[in-house]
Every structure is written in structure tokens, then in C-alpha cells.
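These values consider heavy atoms only, across backbone and side chains, with no hydrogens, waters or symmetry-generated copies. Indexing begins at 1, ligand by ligand and atom by atom, following the structure's order.
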Amino acid sequence: MTDLSIKTDAQSQDHEATDGFQLVIDALKLNGIDTIFGLPGIPITDLTRRAQANGMRVISFRHEQNAGNAAAIAGFMTRKPGICLTVSAPGFLNGLTALANATTNCFPMILISGSSEREVVDLQQGDYEEMDQLAIARPLAKAAFRVLHAEDIGVGIARAIRAALSGRPGGVYLDLPAKLFAQSVDAEAGRSSLIEVVDPAPRQIPAHDAVQRALDLLRGAKRPLIILGKGAAYAQADADIRALVERSRIPYLPMSMAKGLLPDTHEQSAAAARSYVLPQADVVMLIGARLNWLLSHGKGKTWGGKQAKAWGGQRFIQVDISPQEADSNVRIDAPLVGDIGSCVAALLAGMDASWPRPPAQWLAAIAERKDKNIAKMTETLAQNPTPMNFHSALNVVRDIVRANPHAYLVNEGANALDFTRSIVDMYQPRKRLDVGTWGVMGIGMGFAVAAAVVSGEPVIAIEGDSAFGFSGMEVETICRYGLPVCVVIFNNNGVYRGTDLNPTGGSDPAPTAFVKGARYDKLMEAFGGVGVHATTPAQLRAAMEDAIRTRKPTLVNAMIDETAGTESGRITSLNPASAKKK
Ligand code: FYN
Ligand code: ADP
């Protein structure tokens with residue numbers, strides 16, 4: 001094992017030479033980065049050891065994809081790039097899915113991978129884990145860099161930080177060949193080569209005329225609507241966003257990860273009237289939300305189709321830091337380019353006491369739809385069927401989150417995702433962490449570990465049984481670090497549900513069916529955590545309450561009616577077979 005004793009921060013000052021390992025650590029620390037999510041191995045094992053010896057938190061995972069997802073969500077939570085550290089080729093590729101997902105979701109993250117020797121890779125001479133990683137990462141990342149000389153480490157890390165955080169945030173790849181780490185550099189020269197990045201995410205002040213254009217359009221609206229996306233949550237302009245909504249009195253719709261930016265119980269929330277407000281609104285202000293598939297691209301039936309066209313259709317204001325986002329799907333009548341904090345502040349400054357209240361008829365119509373949907377939901381949640389179904393289980397989760405609004409809620413699956421989103425209210429910003437823009441499965445345990453590590457708060461992970469399988473081995477990580485994570489698996493014996501049969505009558509199970517009655521709880525027990533098998537809401541409630549109180553790693557195997565659940569949850573229409581039928 002490497003001698004760590006001569007390599008700590010303070011001691012290295014007394015020595016004449018430093019090395020690549022130390023400079024990477026010093027550069028990260030200089031920029032306020034104190035945690036690395038990763039998985040040790042050649043050539044970065046000593047980097048993980050020395051980072052820990054230098055006081056960094058090193059969270060070591062069982063698979064790089066989960067470490068990458070952890071880094072990405074840490075970036076979303078903190079507005080500092082989350083760091084994922086991997087070995088070369090296969091480890092790098094495992095981390096790459098998370099990097100691409102981070103870029104897609106606008107999460108700031110840096111994937112740092114060790115790599116094989118350039119000379120050998122470029123001549124394709126068959127090095128250990130040979131791969132041209134930089135070329136592969138480039139199209140999937142916001143930016144990608146390689147450092148060949150130890151004296152360039154400071155610049156490399158500074159560029160990676162700036163690229164991840166400035167403008168629209170995203171994933172950055174940093175390639176560090178094995179040889180770099182051992183390079184020796186004069187300690188003083190090394191120190192002075194490091195860069196403390198000044199203002200890595202500069203404010204972008206919106207133009208005055210663009211603000212005025214947006215205000216004019218909004219003021220004239222008869223049926224205005226605000227849509228808050230995860231960009232608004234990321235911006236951490238919580239007080240101003242709330243003030244904007246409340247001063248304008250405009251109803252708002254939170255996208256999934258913007259839930260809790262204002263409490264979901266806020267009287268202006270139109271979440272429970274989603275399918276009414278989208279086709280009816282005449283002016284829609286998007287704040288940090290893209291008109292992608294999650295908003296049906298701003299057109300078609302969801303937005304009123306021919307009927308809406310007949311009265312002129314929606315007009316859009318889009319507040320976004322990316323100047324290229326506007327018009328990506330439909331015409332944006334008033335693009336407002338800038339950082340959300342500055343844009344919202346400018347909008348607020350233009351809303352004086354004379355700002356008109358939205359027409360009462362619009363507000364009343366929304367309230368009516370909302371009340372009806374909420375009453376229907378309350379009725380459904382009050383039922384207590386045997387076996388337990390998604391609703392009766394989520395009624396418990398809803399109560400637990402209401403009682404613990406500071407807890408994080410990680411959520412993935414199909415039905416487990418969709419039901420949780422509409423049933424479980426969120427009360428604080430950035431507490432709901434989910435599958436995001438790609439609807440990707442596998443974020444669960446990585447997000448849960450990061451949320452607990454970064455915040456120290458309890459984490460509840462509501463997982464479909466299929467979704468959990470992608471990252472389930474990380475329950476060992478949760479136990480190893482003693483994290484206050486309560487995983488609840490909605491176990492209905494399969495993907496979507498557990499009743500599919502092999503149509504040939506052969507002995508292979510259907511592609512969507514799992515082992516019936518699987519005891520996921522035993523998995524947590526295997527590593528010293530608490531496992532609970534719950535078949536009733538009362539058992540689920542007791543287990544979750546204990547988990548929150550004791551902060552012990554817990555996994556509740558919540559058995560759900562195996563006939564419950566629809567194909568792909570609420571996005572059934574995206575299945576090619578369903579699309580053909582339409
Ligand atoms: C919402 N709703 C409510 C409430 N909140 N009713 C009562 N009370 C409350 N608090 C209603 C809302 O009005 C909708 O009914 C319905 O619940 C669902 O609301 P949601 O979730 O906001 O809307 P919807 O249509 O599901 O949203 C579309 C979507 C969403 C595309 C944004 O489906 C989504 O984020 N999907 C991600 C799916 C995904 O990534 N899946 C992973 C892959 S699964 P109506 O108004 O009556 O419609 C692979 O198979
Ligand atoms: P959702 O899925 O919740 O609708 P999206 O990920 O589609 O959200 O959209 C987030 C948007 O927010 C992106 O277009 C991104 O450019 C923008 N964004 C991210 N951070 C900021 C910021 N600080 N200021 C302004 N816009 C931002």
C-alpha cells in the first residue's frame with residue numbers, strides 16, 4: 001500500500017515535490033469540492049485513498065453507474081459539480097450512462113476516469129483496458145478534456161468546473177491517464193498552477209426589453225399559467241419564485257422535480273387540474289422547464305388540439321438560461337434568456353400593486369376541477385383493499401412525508417413513479433429526486449446515497465421492484481456508510497405487474513415476470529440493515545416510522561396486488577403497439 005503519511009496536505013508543503021495525485025486532490029479542495037463518489041481500481045485506487053487521507057469524503061460504490069448517478073444528483077442539490085471517479089474502459093463506460101443522463105437533465109457533474117497510456121491507445125497496441133475514452137465521452141457530455149501533464153491539472157479541473165456549472169449546467173468528462181498521477185512536480189510550482197475558479201456560474205441578466213415583452217404578454221392573459229420545471233428548483237431562487245407566483249396570483253403547475261418548490265398544498269397549485277389547465281391556458285410562462293415529451297412538445301391533444309387552435313392556441317413565455325431552447329418545439333412569443341434568479345427578480349420588479357388579478361372565472365374553473373379530483377383521490381386513498389395496492393400503500397407514504405417534510409423522496413419505476421408523483425405531496429424545494437428527463441431506471445440507490453451523504457437528512461426511496469433491480473446491490477453501500485435511507489419496494493412480482501404468462505406454455509417465465517413473492521427485505525438484512533416484509537398499510541407505516549426515527553438503513557418489501565399496475569404507467573401511449581392502435 002502507498003505510504004500515505006508523507007502525502008497529506010499540510011505535510012506536502014514541507015516537501016519539495018508534489019505529484020499528480022496530490023494536485024488533483026488539492027485542485028478539487030481549493031474549489032470547495034469535498035466529496036468524491038466512485039469505485040476504486042487501476043489506476044485510481046491510490047487517488048481514492050489519498051483523497052480520504054486528505055480529509056475528503058470518499059463514497060465508494062459497488063457499480064460506477066450508481067456512483068455517477070450519485071454525483072449527478074449531488075450536483076443538482078448543491079450547485080457544485082458532483083464528482084464521479086472511475087477506473088478505465090469498463091468502469092468509465094459504466095459511469096458514462098450517468099454522465100449522459102446528467103447532461104440531459106442539466107445537472108452539473110464531472111466524470112473523472114483514469115485511462116490507459118495515450119501512446120499505446122493511439123497505436124492500438126492492446127493496453128490494459130485500452131480505450132479512447134475522450135472520443136467516446138465527447139458526444140455525450142457538455143464538454144470533455146484530457147490532462148497529460150501534472151502542471152496542467154489546475155487548468156483541467158478549472159475548465160471542467162466552469163463547463164459543468166456555467167450557462168445550462170451539464171456533465172463534463174475529465175480524462176486522466178495513469179502516467180499523470182505519478183508525475184512529480186516542484187511543490188511550489190504545483191501549488192501556483194492550481195486555479196480557484198472565480199464566479200463559476202456567472203449571473204446572466206435578462207435584457208430589459210425581453211422582460212417587458214414577457215410582462216406585457218402575461219398582463220394581457222385571460223387564462224395565464226406558470227409551469228415550474230427542475231431548472232427553477234436548481235436555481236435556488238425559492239423565495240423570489242414563490243413571490244412571483246403569489247404576487248401575480250397566477251395558477252402554477254410543478255413539473256415532477258419542481259414539486260415542493262412551493263408546497264404542493266398551495267392554493268395556487270393546479271397540479272390536480274393538469275389535464276384541464278394545459279389545453280385551456282392562453283398564456284403559459286415556462287420557468288426552467290422544456291417543452292419536451294413531458295409536456296407533449298407544447299402541442300396536440302394535451303394542449304387542446306383543434307379546439308385550442310380555433311381560439312388562437314397558447315402563447316408562450318420561456319424563462320431559460322439557454323438562448324437556444326426557445327422555439328425548439330413551438331413558437332416562443334416571449335423568450336426571456338438569463339439565469340432564473342435574475343429573470344424572476346426582474347419580472348417581480350415589473351409587477352407593482354396595479355398588477356391585475358387573473359380573471360375570477362379562470363381561477364374558479366380550476367378550483368372546481370381541482371376540488372373534484374382531490375375529492376376523488378381522497379376517496380380512493382381511504383380504501384383499504386386486500387391485497388394492498390399502490391393507493392393504499394401510498395396513502396401511508398403521503399402521511400409520512402407530510403410529517404417529515406425535510407426528508408428526501410427518491411422515486412423510480414413506472415406505476416410506482418406515476419402514482420407517487422400525483423399522490424405524495426412535497427412541501428420543500430428539491431426534496432423530490434426522480435427519473436427526470438429520460439425517465440431512466442437505475443437512479444434509485446445512487447440518488448438515495450447522495451441525498452443522505454450531502455444533506456444528512458432521512459431519505460425515503462419509493463421503488464418499483466423492477467427499478468430497484470438496477471441498483472439494488474448498493475444497499476450494501478447504504479449499510480456500510482450507515483445512511484438514514486428507507487427503501488420501500490412496491491413489489492408486484494414483475495415489470496408493470498406480475499401476472500404475465502409465457503404464451504407458448506413453455507417453462508420460461510414471461511419477459512416481464514419476476515420470482516413471485518421475492519423477499520427483497522432479506523437483501524438489506526444480509527448487510528446488517530433492517531428488513532421488513534409488509535403486506536398491510538399498517539405494517540408499512542410502522543416500518544417507515546421506525547426507519548425515520550432510528551435512522552437505520554431499512555428496506556421494506558411492500559407486497560402489492562400483482563394485478564395492479566398498467567403497462568408503462570401513465571405513458572402507455574408511448575408503447576409502439578398502443579401508438580398503432582390510436
Ligand atoms: C395530480 N393529480 C392529482 C393531484 N396531483 N389529483 C388529485 N390530487 C393531487 N394532489 C392528477 C392530475 O390532475 C392528473 O389527472 C393525474 O393526477 C396525474 O398527474 P401528473 O402526474 O401531474 O400528470 P401526468 O399526466 O401523469 O403527467 C404527464 C407527465 C408524467 C408526462 C409529465 O406522466 C411524467 O412525468 N411521466 C414520467 C414517466 C416516466 O418517466 N416513466 C418512467 C418510465 S416507465 P388529470 O388532470 O385527470 O390528467 C417505463 O415503462
Ligand atoms: P423539467 O423536466 O422539470 O420540465 P427540464 O430539465 O426540461 O425541466 O428543464 C430545465 C431547464 O432549466 C433547461 O432548459 C435549463 O436550460 C434551464 N436551467 C437550468 N438551470 C437554470 C438556471 N440557473 N437559470 C435558468 N435556466 C436554467
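- Under a 4.0 Å heavy-atom criterion, Gly338 is in contact with ligand 2.
- A 6.0 Å sphere centred on NZ of Lys222 holds no more than 12 heavy atoms belonging to other residues, nucleotides or ligands.
- Every atom of ligand 2 with a heavy atom of Thr437 under 4.0 Å away is listed here by number and element: 6 (O).
- With Tyr234 as the aromatic partner, Arg79 meets the cation-pi criteria of under 6.0 angstrom to the ring centre and within 45 degrees of the ring axis.
- Only the side chain of Met255 comes within 4.0 Å of ligand 2, judged by heavy-atom distances.
- Considering backbone and side-chain atoms alike, Val435 places every N or O at 3.5 Å or more from each N or O of ligand 1.
- Close N/O approach between Arg168 and ligand 2 is found [any backbone or side-chain N/O within under 3.5 Å].
- Scanning the protein for heavy atoms near atom 26 (N) of ligand 2, the closest one is Ile321 N, 3.1 Å.
- Among Thr104, Asn105, Thr97, Thr103, the one residue that satisfies the side-chain hydrogen bond (donor to acceptor under 3.5 Å, both in side chains) test with Asn101 is Asn105.
- Among all protein heavy atoms, the one lying closest to atom 3 (O) of ligand 2 is Lys230 N, 2.7 Å.
- Considering Arg369, Arg274, Lys259 only, the shortest heavy-atom separation from atom 27 (O) of ligand 1 involves Arg274.
- Of the N and O atoms on the side chains of Asp264 and Ser269, not one donor lies less than 3.5 Å from an acceptor on the other residue.
- Counting heavy atoms under 4.0 Å from ligand 1, residue Asp264 does not touch it at all.
- Other residues, nucleotides and ligands contribute at most 12 non-hydrogen atoms within 6.0 Å of the CZ atom of Arg159.
- For atom 22 (C) of ligand 2, the nearest non-hydrogen atom of the protein is Ile340 N, 4.0 Å.
- Distances shorter than 4.0 angstrom occur between a heavy atom of Met441 and an atom of ligand 1.
- Contact annotation for Ile423 and ligand 1: no heavy atom of the residue comes within less than 4.0 Å of the ligand.
- Within 6.0 Å of CZ in Arg331 there are 12 or fewer heavy atoms belonging to other residues, nucleotides or ligands.
- Every atom of ligand 2 with a heavy atom of Gly229 under 4.0 Å away is listed here by number and element: 3 (O).
- Residue Asn292 touches ligand 2 through its side chain alone, judged by heavy-atom distances below 4.0 Å.
- Protein heavy atom at the shortest distance from atom 11 (C) of ligand 1 is Ala271 O, 4.1 Å.
- Atoms of ligand 1 found under 4.0 Å from any heavy atom of Met377 (numbered from 1 in listed order, with element): 3 (C), 6 (N), 7 (C), 8 (N).
- Atom 39 (C) of ligand 1 has Leu417 CD2, 3.4 Å as its closest protein atom, hydrogens excluded (heavy atom only).
- Listed by number with element, the atoms of ligand 1 under 4.0 angstrom from any heavy atom of Ile374 are 8 (N).
- For ligand 1, none of its N or O atoms has an N or O atom of Tyr276 under 3.5 Å away.
- At under 3.5 Å, not a single nitrogen or oxygen of Ser256, backbone or side chain, sits near a nitrogen or oxygen of ligand 1.
- Looking only at protein heavy atoms, the nearest one to atom 5 (P) of ligand 2 is Arg290 NE, 3.4 Å.
- When only non-hydrogen protein atoms are considered, atom 10 (C) of ligand 2 lies nearest to Gly288 O, 3.1 Å.
- Between the side chains of Ser392 and Asn389, at least one donor N or O sits under 3.5 Å from an acceptor N or O.
- Every atom of ligand 1 is numbered from 1 in the order shown, and the set under 4.0 Å from a heavy atom of Tyr496 is 49 (C), 50 (O).
- In terms of protein heavy-atom proximity, atom 13 (C) of ligand 2 is closest to Asp320 OD2, 3.3 Å.
- Heavy atoms from both the backbone and the side chain of Leu294 come within less than 4.0 Å of ligand 1.
- Considering only heavy atoms from C-beta on, Leu218 comes within 4.5 Å of Ile317 through its side chain.
- Distances below 4.0 Å separate heavy atoms of Ala414 from the following atoms of ligand 1: 44 (S).
- Given atom 20 (N) of ligand 2, the protein heavy atom at minimum distance is Tyr234 CD2, 3.6 Å.
- Close approach of ligand 1 to Ser568 (heavy-atom distance below 4.0 Å) involves ligand atoms 50 (O).
- Closest heavy-atom approach to atom 5 (N) of ligand 1 among the candidates Ser269, Gly413, Ser422: Ser422.
- Taking 4.5 Å as the limit, every side-chain heavy atom of Phe419 sits out of range of all side-chain heavy atoms of Arg570.
- Annotation: Ser275 places an N or O atom under 3.5 Å from an N or O atom of ligand 1; distance criterion only.
- No side-chain donor from either of Arg290 and Ser328 sits under 3.5 Å from a side-chain acceptor of the other.
- Summary of contacts: the protein heavy atom closest to atom 18 (N) of ligand 2 is Gly231 CA, 4.0 Å.
- One finds no salt bridge joining Arg213 and Asp333 here, because no Lys/Arg side-chain nitrogen approaches an Asp/Glu carboxylate oxygen to under 4.0 Å.
- Cation-pi contact between Arg274 and Trp303: absent, since separation from the ring centre below 6.0 Å together with deviation from the ring axis within 45° is not met.
- Shown in contact with Ala273 at under 4.0 Å from a heavy atom are these atoms of ligand 1, numbered in order with element: 13 (O).
- Checked by distance only, ligand 1 and Gly439 stay at 3.5 Å or farther apart across all their nitrogen or oxygen atoms.
- Within a 6.0 Å sphere centred on CD of Gln212, heavy atoms belonging to other residues, nucleotides or ligands number more than 12.
- In this structure, atom 24 (P) of ligand 1 lies nearest to the protein heavy atom Arg570 NE, 3.4 Å.
- For atom 33 (O) of ligand 1, the closest heavy atom belonging to the protein is Arg421 NH2, 3.0 Å.
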